[in-house]
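What's counted below: heavy atoms across the whole structure, side chains too, no hydrogens, waters or symmetry copies.
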Amino acid sequence: MAFVRTVSGDIPPSAMGVTYAHDHIYCIPQLWKEKGDVDLLLDSPDASQAELELFAKAGGRTIYDATAIDYGRDVGVVKRIADAAGVQVIATAGFNKAIMWPGTFTAKGQTFGKWIASQSRKTLADHVVAEVTEGMDGTDIRGGVVKFGTSYNTMTGSETKVLLAVLDAHKETGAPIHSHTELGTMALEQLDLVRQEGVDPTRLTIAHLDRNPDPWLHRKVAETGAFFSFDGITRVKYYSEDVRTRCILDLVRWGHEDQLMVGGDIARRTMFASYGEGGLGMGFILEKWVPRFIEEAGEAGFDGARLVDKFFVQNPQRAFAFSA
């Protein structure tokens, strides 16, 4: 029987409701703390809970929290505020990306980079498996997704080792897989290794591909069956919002509407509405972006409301379910 693992227990996929496919809730990344980059420290449980309440008020039910251990994960706090807000949260086992690894891995007394370099593929896989089957951050709260990531236009040796270890953990646990791409690069290279390792690409969701609005790349990724997390909404410093909509509708035209999901990837205080530093907040996508998308999709000849139900409700039920 398929199930989705949340911080408050396993649920049937049908109980997910409206789902964001990639976000951050409460996290204190050690590297950003050491560098003094306060904007990247989501360190107020009260403010983060207020954001979850905005999400719930807008009709949201479930969030995939893409915060791994190297990005300052604290599942105990996340579970407490999620339960208080009435939101289901899927937590992350595994790792994010090499740019974070100069930060101190406090539990190991050294940097993440040094610790990862000292570990074998097998011991890294065992670490990720334990996060899924036993618990994380000194709790019995288990991860519901296994994650790896790659850098901008490159994949370091340690990132490759982590990727392979995460695939091993997926094979052992059946957990769904999520990957970070830096500005939407290296997706095809990730998929090459996924397939070489005998892993079904339909078990993988690739994040941030809308940072690289390349129709050819999107089509090639989609042809593997992998899921997309389009999660750059509101970042008009890169391009105007209509570009993302065109990318989505192109994929729909090519027959890939069952592989598309949406999230906010809110990871800065200045992006939240509740930290007192500006920002549109976690309710924005459902309250403002969805009506706009429905209108633009309709103008292009599509049933936007039906697509929204696919992206936020139906597709996450498959993407985030454990495999037998």
Side-chain angles (χ1 to χ4, degrees), residues 2-29 42-96 128 131-147 173 175-178 180 205 207 227 229 231 261-267 271-275 281-286 312-313 315-322:
F3 65 91
V4 172
R5 177 156 293 159
T6 78
V7 296
S8 299
D10 296 348
I11 61 172
S14 60
M16 292 179 71
V18 172
T19 300
Y20 281 1
H22 185 112
D23 264 283
H24 300 276
I25 297 169
Y26 174 91
C27 54
I28 306 175
L42 304 181
D43 57 1
S44 168
D46 290 342
S48 292
Q49 180 178 324
E51 288 296 321
L52 293 179
E53 290 167 354
L54 291 175
F55 169 72
K57 183 179 178 181
R61 186 71 182 100
T62 301
I63 293 175
Y64 167 54
D65 180 357
T67 306
I69 191 170
D70 52 342
Y71 206 77
R73 184 189 64 207
D74 188 331
V75 289
V77 172
V78 169
K79 180 183 186 302
R80 175 169 59 81
I81 64 176
D83 287 348
V87 172
Q88 300 174 142
V89 172
I90 302 165
T92 297
F95 300 90
N96 189 2
V128 179
E131 290 189 320
V132 175
T133 60
E134 299 174 17
M136 304 182 292
D137 308 334
T139 76
D140 60 359
I141 301 168
R142 297 178 293 173
V145 165
V146 293
K147 182 180 180 182
T173 64
I177 314 165
H178 199 87
H180 167 90
T205 298
F227 285 92
S229 172
D231 44 42
M261 299 184 293
V262 174
D265 190 26
I266 295 180
M271 297 178 73
F272 278 114
S274 304
Y275 270 80
M282 280 193 154
F284 176 84
I285 291 175
L286 294 175
F312 289 90
V313 179
N315 295 347
Q317 292 179 15
R318 291 178 290 107
F320 290 105
F322 276 62

(request) Check whether any side-chain heavy atom of Tyr26 lies under 4.5 Å from a side-chain heavy atom of Thr67, and answer yes or no. (result) no

(message) Return the SG to CD1 distance between Cys27 and Ile69, rounded to the nearest 0.5 Å.
(response) 13.0 Å

(request) Heavy atoms only: give me the nearest His22-Ala66 pair and the separation to one decimal. (result) CE1-CB, 3.2 Å

(request) To the nearest 0.5 Å, tell me how far Ile63 CD1 sits from Leu52 CG. (result) 5.0 Å

(message) Which heavy atom of Asp265 sits nearest to which heavy atom of Met271, and what is that distance?
(response) O-CE, 4.4 Å

(message) Which heavy atom of Gly60 sits nearest to which heavy atom of Leu286, and what is that distance?
(response) N-CD1, 3.6 Å

(message) With a 4.5 Å cut-off on side-chain heavy atoms, are Thr133 and Thr173 touching?
(response) yes

(message) Are Arg142 and Val132 packed together at the side-chain level, in the sense that at least one heavy-atom pair is separated by less than 4.5 angstrom?
(response) no

(message) If I compare all heavy atoms of Ala319 with all of Pro176, which pair ends up nearest, and what's the gap?
(response) O-CB, 3.2 Å

(message) To the nearest 0.5 Å, what is the distance between CD on Gln49 and CG on Asp83?
(response) 10.0 Å

(request) For side chain to side chain contact (heavy atoms under 4.5 Å, CB included), just list the numbers for Val78 and Arg73, CA-CA rounded to whole Å, side-chain angles, deciding distance to a tenth of an Å, and then say yes or no. (result) CA-CA 9 Å; Val78 169; Arg73 184 189 64 207; over 6 Å; no

(request) Without swapping roles, check the side chain of Asp43 against the backbone of Ile28 for a donor-acceptor pair under 3.5 Å. (result) no

(request) Please tell me if the side chains of Val4 and Gln88 come closer than 4.5 Å, counting only heavy atoms from C-beta onward. (result) no

(request) Work out which heavy atom in Pro13 is nearest to a heavy atom in Ala321; give both atom names and the distance. (result) CG-CB, 4.2 Å

(request) Going by the side-chain contact (heavy atoms from CB on, under 4.5 Å) test, name the single residue among Lys147, His178, His24 that passes it with Thr92. (result) Lys147

(message) Any donor-acceptor pair under 3.5 Å linking the side-chain atoms of Asp137 with those of Thr139?
(response) no

(message) Rounded at 0.5 Å granularity, tell me how far CG in Leu42 sits from CG in Asp74.
(response) 12.0 Å

(message) Using side chain to side chain contact (heavy atoms under 4.5 Å, CB included), reason through Met261 and Tyr64 one step at a time and then give a plain yes or no.
(response) CA-CA 11 Å; Met261 299 184 293; Tyr64 167 54; over 6 Å; no

(request) Measure the spacing between CZ of Arg80 and OG of Ser8 and express it to the nearest 0.5 Å. (result) 12.5 Å

(request) Please examine the side chains of Phe320 and Thr6, heavy atoms only from C-beta on, and report whether any two atoms are closer than 4.5 Å. (result) no

(request) Please round to the nearest 0.5 Å and tell me the distance separating atom CD1 of Ile25 and atom NZ of Lys79. (result) 13.0 Å

(request) Using atom types as modelled and distance alone, determine if a side-chain donor or acceptor of Thr19 lies under 3.5 Å from a backbone N or O of Gly17. (result) yes

(request) Begin with the C-alpha distance, continue with both residues' side-chain angles, and end with the deciding distance and a verdict on side chain to side chain contact (heavy atoms under 4.5 Å, CB included) for Ile90 and Met16. (result) CA-CA 10 Å; Ile90 302 165; Met16 292 179 71; 4.1 Å; yes

(request) Kindly say whether Gly94 contributes a backbone atom to a donor-acceptor pair with the side chain of Glu131 at under 3.5 angstrom? (result) yes

(message) Between Leu54 and Phe272, is there a side-chain heavy-atom distance shorter than 4.5 Å?
(response) no

(message) Could you check whether any side-chain heavy atom of Pro12 comes within less than 4.5 Å of a side-chain heavy atom of Phe3, counting everything from C-beta outward?
(response) no

(request) Of all the heavy-atom pairs spanning Ile266 and Asp23, show the shortest one and how long it is. (result) N-OD1, 3.1 Å

(request) Determine whether Val313 and Arg61 make a side-chain contact, defined as any pair of heavy atoms from C-beta on separated by less than 4.5 Å. (result) no

(request) Walk me through it: do Tyr71 and Phe95 pass the test side chain to side chain contact (heavy atoms under 4.5 Å, CB included)? (result) CA-CA 8 Å; Tyr71 206 77; Phe95 300 90; over 6 Å; no

